[in-house]
Asks: 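For reference, the structure I am asking about is given below.
Below, all heavy atoms of this structure are taken into account, side chains as well, without hydrogens, waters or symmetry copies.
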Amino acid sequence: MNQTLITSANTLSQLQQRLDILSHNIANIDTTGYKRREATFTDLMNQNVQNMLRTDAETGRLTPNGIRVGTGARISQSQLVGAQGSIIQTGRKLDLAFTKENQFFKVLVQENGRGKVHYTRDGSFAVTPVNGNEVMLVTKEGHPVLDESNQPITFNPNNGDIMLEAGGRLRAGGQAFNLGVVEVKRPQFLTQAGSNLLTLPDNPAVAENEILQDVTAAGRTDIAIQQSALEKSNVDLAKEMADLTNVQRSYQFQSRSISLADQMMGLINGVR
């Protein structure tokens, strides 16, 4: 098969993934606490063509003999960008916003009949009734917000107001709870789980404690949360649109290469 077709077809599939990432970023520009993703490219395996009839004549050459022909490009990494988003005041006491990068709330999500811990920067919480007069702190989707022991936070709303204290300590219903907070060290290993949630893959490439760690004990002094406020997404629309334009032009270029390669093969096959 024509080498141009192989190279262009390989690159087109990767450019499509890049377009999907950019489109997802733009679609979530108004999503609370959303962190954009950024993709980086690298070359695919090169093919080495040995076209040298006399290798002894290549004495002193600094590069390997032959010609190295590329086979396209691929996305080497799709990484979460943890840059801080701007803070907006809401005046609602159940709205919490991180003011420090790479810190996430822990929430419980039911998957296949079992609970799994997920992570989010979206602090627009609510309460839902549970047993008796108690309520549970939940996300907008109804997932329980966890404390540092991975237990849902429940309290009686009639026993006192909701106040946030230093170190991510939430006082509600006359009780005090340490909000479950993790610090993400290697966000590229987290996967998106929908509804603005992140989670660990089933079989991570590195140890879990190298990806994220629970913020507990003395480390809780580093937790930075602001009450009655929300964090906006860190998507820069101007940058995303510029990147989208560049990727679209690259996509058109690769498509044109396939058309030209097809025309050349048609001319060759038409030679009598």
Asks: So how far is it from Ser257 OG to Asp262 CG, rounded to the nearest 0.5 Å?
Replies: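 Output value for this atom pair is 12.5 Å.
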Asks: Any chain of hydrophobic side-chain contacts (each under 4.5 Å) joining Leu15 to Ile26?
Replies: yes
Asks: Could you go through Val127 and Val138, starting from their C-alpha distance and side-chain angles, then the distance that decides it, and tell me whether this counts as side chain to side chain contact (heavy atoms under 4.5 Å, CB included)?
Replies: CA-CA 6 Å; Val127 292; Val138 296; 5.9 Å; no
Asks: Gln84 and side chain to side chain donor-acceptor pair (under 3.5 Å): which partner among Lys232, Arg121, Lys35?
Replies: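 One option only clears the test, and that one is Arg121.
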Asks: Of all the heavy-atom pairs spanning Glu101 and Gly82, show the shortest one and how long it is.
Replies: CG-O, 3.3 Å
Asks: In the structure I gave you, are the side-chain heavy atoms of Val181 and Asp214 within less than 4.5 Å of one another anywhere?
Replies: no
Asks: What closest approach, in Å, do Leu164 and Gln226 show between heavy atoms, and which atom pair accounts for it?
Replies: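 The answer is CD2-C, 4.2 Å.
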Asks: State, to 0.1 Å, how close Leu80 and Arg37 come at their nearest heavy-atom pair, and which atoms those are.
Replies: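 Closest approach of Leu80 to Arg37, heavy atoms only: N-NH1, 3.6 Å.
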Asks: Between Asp202 and Lys116, which heavy-atom pair has the shortest distance, and what is it?
Replies: OD1-NZ, 3.6 Å
Asks: What's the shortest heavy-atom distance between Thr199 and Val117, and which atoms?
Replies: OG1-O, 3.8 Å
Asks: Taking it one step at a time, do His118 and Glu111 satisfy side chain to side chain contact (heavy atoms under 4.5 Å, CB included)?
Replies: CA-CA 11 Å; His118 286 56; Glu111 290 185 349; 3.1 Å; yes
Asks: Donor-acceptor check, side chain of Ser233 to backbone of Ile29, threshold 3.5 angstrom: yes or no?
Replies: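 Checked: pair present.
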Asks: In Å and rounded to the nearest 0.5 Å, what is the CG to OG distance from Leu244 to Ser23?
Replies: 6.0 Å
Asks: Looking only at side chains, do Gln227 and Lys93 share a donor and an acceptor under 3.5 Å apart?
Replies: no
Asks: Tell me whether the rings of Phe125 and Phe105 are parallel (<30°), tilted (30 to 60°) or perpendicular (>60°).
Replies: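 Taking Phe105 first and then Phe125, their aromatic rings stand perpendicular (interplane angle over 60°).
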Asks: When you compare the side chains of Gln16 and Asp20, does any donor N or O come within less than 3.5 Å of an acceptor on the partner?
Replies: yes
Asks: If you round to the nearest 0.5 Å, how far is CD of Gln14 from OH of Tyr251?
Replies: 11.5 Å
Asks: Apply the test side chain to side chain contact (heavy atoms under 4.5 Å, CB included) to residues Arg169 and Arg171: give CA-CA distance (whole Å), side-chain angles for both, the deciding distance (0.1 Å), then the verdict.
Replies: CA-CA 7 Å; Arg169 190 172 181 83; Arg171 190 169 294 278; 4.2 Å; yes
Asks: Taking Tyr119 as the starting point, is it possible to reach Ile211 by hopping between hydrophobic residues whose side chains are less than 4.5 Å apart?
Replies: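 Yes, because Ile211 and Tyr119 connect within a single hydrophobic cluster, where side-chain heavy atoms sit under 4.5 Å apart.
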Asks: Would Met241 and Val235 show up in the same hydrophobic cluster when neighbours are defined by side-chain heavy atoms closer than 4.5 Å?
Replies: yes
Asks: Hey, is the main chain of Ala218 close enough, under 3.5 Å, to the side chain of Thr221 for a donor-acceptor pair?
Replies: yes
Asks: Applying the 4.5 Å side-chain criterion to the ILVMFWY set and letting contacts propagate, would Leu190 and Leu146 be lumped into a single cluster?
Replies: yes
Asks: Under 4.0 Å between a side-chain nitrogen and a carboxylate oxygen: does that hold for Arg186 and Glu210?
Replies: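 Looking at Glu210 together with Arg186, the answer is yes, because their closest N to O distance falls below 4.0 Å.
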Asks: Strictly below 4.0 Å, N to O, side chains only: are Asp236 and Arg36 in salt-bridge contact?
Replies: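 Between Arg36 and Asp236 there is no salt bridge, as every charged N stays at least 4.0 Å from the carboxylate O atoms.
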Asks: Could you tell me if the side chain of Glu134 sits less than 4.5 Å from the side chain of Asn131, heavy atoms only?
Replies: no
Asks: If we only count heavy atoms from C-beta on, is the Ile162 to Leu170 side-chain gap below 4.5 Å?
Replies: yes
Asks: Going only through I, L, V, M, F, W and Y residues with side-chain contacts under 4.5 Å, is there a path from Phe189 to Ile21?
Replies: no
Asks: Verify, without hydrogens or angle tests, whether Asn269 (side chain) and Met265 (backbone) share a donor-acceptor contact under 3.5 angstrom.
Replies: yes
Asks: Would you give the length of the straight line joining atom OH of Tyr34 to atom OG1 of Thr120, rounded to the nearest 0.5 angstrom?
Replies: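 Interatomic distance, Tyr34 OH to Thr120 OG1, rounded to 0.5 Å: 12.0 Å.
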Asks: Give, for atom CD1 of Ile225 and atom CG of Leu96, the distance between the pair rounded to the nearest 0.5 Å.
Replies: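 Going from CD1 on Ile225 over to CG on Leu96, the span is 6.0 Å.
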Asks: Between His24 and Glu240, is the side-chain hydrogen bond (donor to acceptor under 3.5 Å, both in side chains) condition met? List the steps.
Replies: CA-CA 10 Å; His24 193 263; Glu240 299 298 324; over 6 Å; no
Asks: Leu179 pairs by side chain to side chain contact (heavy atoms under 4.5 Å, CB included) with which of Val215, Asp147, Ile153, Ile223?
Replies: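 Exactly one option meets the side chain to side chain contact (heavy atoms under 4.5 Å, CB included) with Leu179, and it is Ile153.
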Asks: Go through the steps for Lys106 and Val182 under the test side chain to side chain contact (heavy atoms under 4.5 Å, CB included), then give the verdict.
Replies: CA-CA 7 Å; Lys106 295 196 293 184; Val182 297; 3.6 Å; yes
Asks: Check the side chains of Lys185 and Asn102 for a donor-acceptor pair under 3.5 angstrom, ignoring hydrogens and angles.
Replies: no
Asks: Side-chain contact test, heavy atoms from C-beta onward, threshold under 4.5 Å: evaluate it for Phe177 versus Leu137 and give yes or no.
Replies: no
Asks: Would Asp122 and Ser124 count as having a side-chain donor-acceptor pair, cut-off 3.5 Å?
Replies: yes
Asks: Is any side-chain heavy atom of Val135 less than 4.5 Å from a side-chain heavy atom of Thr128?
Replies: no
Asks: Any donor and acceptor pair, going by atom type alone, linking the side chain of Asn196 with main-chain N or O of Thr32 inside 3.5 Å?
Replies: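 Checked: pair present.
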Asks: When you look at CG of Asn209, are more than 12 heavy atoms from neighbouring residues, nucleotides or ligands closer to it than 6.0 Å?
Replies: yes
Asks: Considering non-hydrogen atoms only, spot the tightest contact between Ala229 and Gln89 and give its length.
Replies: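 Looking at all heavy atoms of both residues, the shortest contact is CB-OE1, 4.0 Å.
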Asks: Is the shortest heavy-atom distance from the side chain of Glu148 to the side chain of Arg220 under 4.5 Å?
Replies: yes
Asks: Answer yes or no: is there a side-chain heavy-atom contact under 4.5 Å between Val145 and Pro152?
Replies: no
Asks: Donor-acceptor check, side chain of Asn159 to backbone of Gly174, threshold 3.5 angstrom: yes or no?
Replies: no
Asks: Exactly one of Asp30, Thr31, Asn25 should register a side chain to side chain donor-acceptor pair (under 3.5 Å) with Asn28. Which one does?
Replies: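 Among the candidates, only Thr31 passes.
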Asks: Give, for atom CD of Gln79 and atom CD of Glu38, the distance between the pair rounded to the nearest 0.5 Å.
Replies: 8.0 Å
Asks: Above 12 or not: heavy atoms from other molecules or residues under 6.0 Å from CG of Asn133?
Replies: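 Not buried by this count: 12 neighbours or fewer within 6.0 Å.
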Asks: Hydrogens and angles aside, do Asp95 and Ser228 bring a side-chain donor and acceptor to less than 3.5 Å of each other?
Replies: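 No, no side-chain donor-acceptor pair sits under 3.5 Å.
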Asks: With a 4.5 Å cut-off on side-chain heavy atoms, are Leu198 and Gln192 touching?
Replies: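 Touching, per the 4.5 Å side-chain cut-off.
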